[in-house]
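Here's the structure, in structure tokens; my notes come after.
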There are 2 protein chains.
Amino acid sequence: MTLPVPLPPVTSVTRQLSRRSVFEALLHRSPISRADLAKVTGLSKQTMSEVIDAFGQQGLVRQVGRTSGNVGRTALLYELSPEGGHVLGIDLGARRLTVALADIAGRVLAETDEPTDNRGGAWALDQIARLSDRLTRDNHTHLSRIRSIVLATPGVVNPRSGAIEMSPNITGLGHLNVVALLGEKLGSPVVIENDINLALLGEIWHGCAQNVANVAFLALGSGVGLGLYANGQLVRGENGAAGEIAYLPLGGDPLQAESRLQGCLEYQVGATGVLRRYREAGGSEVDSVIQVFERAQVGDPIAAQVIGETARLTGLAAAAVIAMVDPQLIVLGGSVGARPDFADQVARLLLQLSPRQVEIRTSTLGRRAGVVGALSVALSRLHDAFFGVSELAASLPLPPPAHGSARQ
Amino acid sequence: MTLPVPLPPVTSVTRQLSRRSVFEALLHRSPISRADLAKVTGLSKQTMSEVIDAFGQQGLVRQVGRTSGNVGRTALLYELSPEGGHVLGIDLGARRLTVALADIAGRVLAETDEPTDNRGGAWALDQIARLSDRLTRDNHTHLSRIRSIVLATPGVVNPRSGAIEMSPNITGLGHLNVVALLGEKLGSPVVIENDINLALLGEIWHGCAQNVANVAFLALGSGVGLGLYANGQLVRGENGAAGEIAYLPLGGDPLQAESRLQGCLEYQVGATGVLRRYREAGGSEVDSVIQVFERAQVGDPIAAQVIGETARLTGLAAAAVIAMVDPQLIVLGGSVGARPDFADQVARLLLQLSPRQVEIRTSTLGRRAGVVGALSVALSRLHDAFFGVSELAASLPLPPPAHGSARQ
DNA sequence: TATTTATTCGGTCTATTGACGAATTAAACT
DNA sequence: AGTTTAATTCGTCAATAGACCGAATAAATA
């Protein structure tokens with residue numbers, strides 16, 4: 001165990017670009033020799049040796065053996081070292097708290113979960129700190145070596161301040177400065193992101209939506225929500241409220257009191273909505289949507305009808321998503337949405353609802369999607385902190401209109 | 001008039017970055033002296049002189065006078081030269097063809113229009129070539145000096161191939177390879193983009209949506225369409241069909257034949273839909289939506305009711321946009337949507353439909369929006385061709401999942 | 001021996017720094 | 001008032017450091 005890895009010293013832009021492309025190659029092709037790295041990146045062998053030396057001194061890279069069997073001198077092989085830094089992904093759900101640990105190379109080292117402390121607020125934050133501390137210690141590292149943390153939480157997360165603006169399911173979280181408190185407890189920069197957005201990114205990184213630039217994630221569980229990924233970027237919206245489709249004006253009168261309170265769509269397809277409709281249609285006593293599904297499977301016609309209506313409304317929401325953002329793929333997730341029988345019904349309806357056919361898949365990561373997505377963002381943030389060129393990547397802004405623009 | 005400007009010779013990445021930031025400063029602050037440029041860009045005076053010299057030799061920059069009145073030596077002032085290159089924006093509408101000319105600094109030099117050749121197809125392309133040729137000659141330049149052309153057209157434009165996939169309003173355009181044909185006629189690279197997307201970009205550049213990162217443009221005229229701008233980027237969708245909200249399942253039964261043919265929403269709020277509803281409600285003989293508005297203004301209750309219903313459905317569509325992408329601003333455009341009386345009705349309805357209030361504005365560029373947006377894209381493409389750093393991808397791609405990822 | 005890897009050396013390109021002359025205004029002095 | 005001096009700013013020159021590459025060379029191995 002070496003000393004904590006220092007931040008890389010300031011280098012010139014061009015060296016930083018070289019470092020960046022070497023890092024990227026190491027990320028995707030390790031273990032790899034310096035000669036191969038030079039071929040892949042287009043840099044010279046000379047530059048490569050310099051960069052690898054610097055990486056080695058920072059603990060970013062380690063040697064892992066050498067080639068054999070080929071003609072010519074054997075080559076030393078290198079890979080990213082776990083010493084380079086670790087990241088934490090945390091999914092703070094209303095029922096379950098999950099924490100996962102990965103290293104800078106994106107290797108998921110461990111994952112653990114337990115029921116969320118139902119006293120909420122500060123207790124939940126304490127619980128996060130405890131669980132994170134244990135997870136790191138159990139895996140030969142320590143909180144002080146964590147370089148980036150991302151927290152998944154339900155509710156609207158302001159993309160500028162990081163504040164949680166609506167968190168109906170976890171009590172007393174909206175009033176806390178979670179970023180500051182958790183950052184202090186854990187000793188690393190913390191970023192908060194909406195759980196559905198992170199579930200989407202999870203599916204994109206390790207799940208059923210890999211290598212896709214335009215995806216929508218439609219989550220249906222106790223509530224309803226949407227994650228949008230367009231042009232290879234997460235769409236957060238101006239206030240972080242993109243994807244809050246509870247208020248989509250579908251499935252009922254959007255002006256009636258219930259719609260305005262809970263959201264028109266969620267009033268119908270949210271868990272309480274499904275149970276209400278089952279009850280009102282004369283269904284027998286149940287206390288979870290899962291039970292309605294079970295009833296339907298054993299032949300309860302009322303349950304089947306209620307679920308069919310839920311699928312119809314979900315299909316309408318999916319059709320709206322397709323019409324508006326034209327994704328290549330829609331992933332259905334959440335405790336209800338991820339059920340294959342349910343997804344099949346939605347997909348069948350979509351055949352008639354939308355003129356352009358879009359593939360429908362069910363979430364492959366399930367409950368893990370959020371925490372995996374949190375890891376992916378934490379990892380990206382760590383990489384950008386080391387090798388970011390954010391100020392360069394943007395397109396040139398156009399000049400504002402001049403006052404004397406010609407017309408004819 | 002000098003010789004055609006040669007492309008800049010290949011330079012190193014770091015010099016290219018310097019050139020880029022000098023160009024950007026010139027774009028936004030000209031006329032400006034070399035000393036000020038050095039301060040603004042952070043480069044040294046020495047480097048600045050080298051870059052400005054190179055720009056001058058390429059014809060990108062010209063001297064425009066000198067400072068006076070200040071203490072110290074006078075400074076020479078520089079600005080981008082029109083010799084640096086011109087761009088064309090073209091809006092090929094079903095009724096009107098508009099062409100506009102700008103120089104590399106974003107100065108709009110001229111704009112002209114005439115009725116679209118209603119024979120469509122190849123005739124329209126010939127007409128574009130004629131009008132473009134005339135516009136450039138009338139403004140002391142020539143087609144051969146045009147470096148970038150963007151064409152606005154109704155219909156779905158495939159973002160990868162540039163092919164026009166659905167163009168209901170202009171006959172015989174879908175079967176032509178417009179990019180190749182027009183590029184050959186005009187002698188410059190041509191890019192095609194959906195007219196509503198470009199109208200949105202026009203409002204962002206020179207209209208009512210400046211300095212906003214998340215905007216939606218809701219166009220209501222003969223048809224209905226949407227342009228989305230999120231994270232400072234246009235959302236095109238996987239097939240370029242983002243914003244094709246004709247098929248949004250609002251305002252009627254999305255499964256009925258008419259909805260599946262024309263789109264559920266457009267069947268109601270498109271021009272033919274409005275006229276049909278007015279006729280079915282017993283309204284007197286009219287042949288344009290404008291006339292229905294005029295009737296309503298002089299007290300025709302049926303016309304008022306029909307327009308109110310149109311506004312209600314437009315409000316529902318806007319509410320759906322707000323719920324899904326959370327824009328900071330919605331711009332209403334198109335011959336119907338841009339009417340202030342109509343927009344007021346929509347805005348009033350939105351107060352009740354959406355829990356979060358979003359500003360509504362009407363298009364300030366009107367019919368010019370498309371061509372202005374085309375200019376802005378043409379300009380951005382020219383800038384990127386000169387100073388692009390596209391190979392420096394914005395974010396490092398994460399590694400794909402390894403096979404042996406840990407769990408516990 | 002042929003081939004591949006890794007290192008060393010020299011050359012080029014770019015950017016920065018500090019010094020300097022040129023040009024101009026402000027202030028001081030006769 | 002007119003002239004001289006100081007201060008300030010602009011742009012260039014020369015020297016230097018960082019980074020890259022290519023060629024030559026040494027090392028290792030089938």
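In the text below, chain A, chain B and the rest are named by the order of the sequence lines, each starting its count at 1. As the structure is a prediction and not an experimental result, all values here were calculated from the model.
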>> From CG of B:Leu76 over to P of C:dT24, roughly how many Å is that when rounded to an integer?
In response: 10 Å
> Can you check the A:Leu37 CG to C:dA6 C1' distance for me, whole Å?
Replying inline: 13 Å
> CG of B:Asp53 versus C1' of D:dG11: gap in Å, rounded?
Replying inline: 11 Å
> Within the pair A:Lys45 and C:dC9, is there a side-chain N or O less than 4.0 Å away from OP1 or OP2?
Replying inline: no
> For D:dC20, does OP1 or OP2 lie under 4.0 Å from any side-chain N or O of A:Arg15?
Replying inline: yes
> Below 4.0 angstrom, N of the basic side chain to O of the carboxylate: do A:Arg160 and A:Glu238 qualify?
Replying inline: yes
> Looking only at side-chain N and O atoms, does A:Thr14 come under 4.0 Å of OP1 or OP2 in C:dT14?
Replying inline: no
>> Can you tell me if A:Thr67 touches the phosphate of C:dT4, counting only side-chain N or O atoms and a distance under 4.0 Å to OP1 or OP2?
In response: no
> A:Arg19 CZ to D:dC20 C1': how many Å, rounded?
Replying inline: 16 Å
> Just by distance, with hydrogens left out, do B:Arg66 and B:Thr74 show a side-chain donor and acceptor under 3.5 Å apart?
Replying inline: yes
> Between atom CG of B:Leu43 and atom CG of B:Leu17, what is the distance when rounded to the nearest 0.5 Å?
Replying inline: 10.0 Å
>> Measure CD/B:Glu50 against C1'/D:dC10 and give the value in whole Å, please.
In response: 16 Å
> How far apart are the C-alpha atoms of B:Val108 and B:Val372, what are their side-chain angles, what is the distance that settles it, and do they pass the side chain to side chain contact (heavy atoms under 4.5 Å, CB included) test?
Replying inline: CA-CA 9 Å; B:Val108 180; B:Val372 171; over 6 Å; no
> Any donor-acceptor pair under 3.5 Å between the side chain of B:Gln46 and the base of D:dC13?
Replying inline: yes
>> Check whether A:Ser380 reaches the backbone of A:Val377 with its side chain - one donor and one acceptor, N or O, closer than 3.5 Å.
In response: no
>> Looking at C:dT7, I'd like to know if its phosphate oxygens (OP1 or OP2) sit under 4.0 Å from a side-chain N or O belonging to A:Ser49.
In response: yes
> Would you call A:Asp36 and A:Lys39 a salt bridge, using N to O less than 4.0 angstrom?
Replying inline: yes
>> Check the phosphate of C:dA15 against B:Ser18, side-chain N and O only, distance under 4.0 Å to OP1 or OP2. Yes or no?
In response: yes
> Given atom CE of B:Met48 and atom P of C:dT14, what is their separation to the nearest angstrom?
Replying inline: 15 Å
>> Within the 4.0 Å limit for protein heavy atoms, which parts of nucleotides 25-30 of chain D are touched? Write it as a string from 5' to 3', B for base, S for sugar-phosphate only, - for none.
In response: -BBBBS
>> Just the rounded figure in Å: distance from P of C:dT16 to CG of B:Leu17.
In response: 12 Å
> Hey, does the side chain of A:Asn214 reach the backbone of A:Asn231 with a donor-acceptor pair shorter than 3.5 angstrom?
Replying inline: yes
> B:Asp36 has an atom CG; how far is it from atom P of D:dC10, in whole Å?
Replying inline: 6 Å
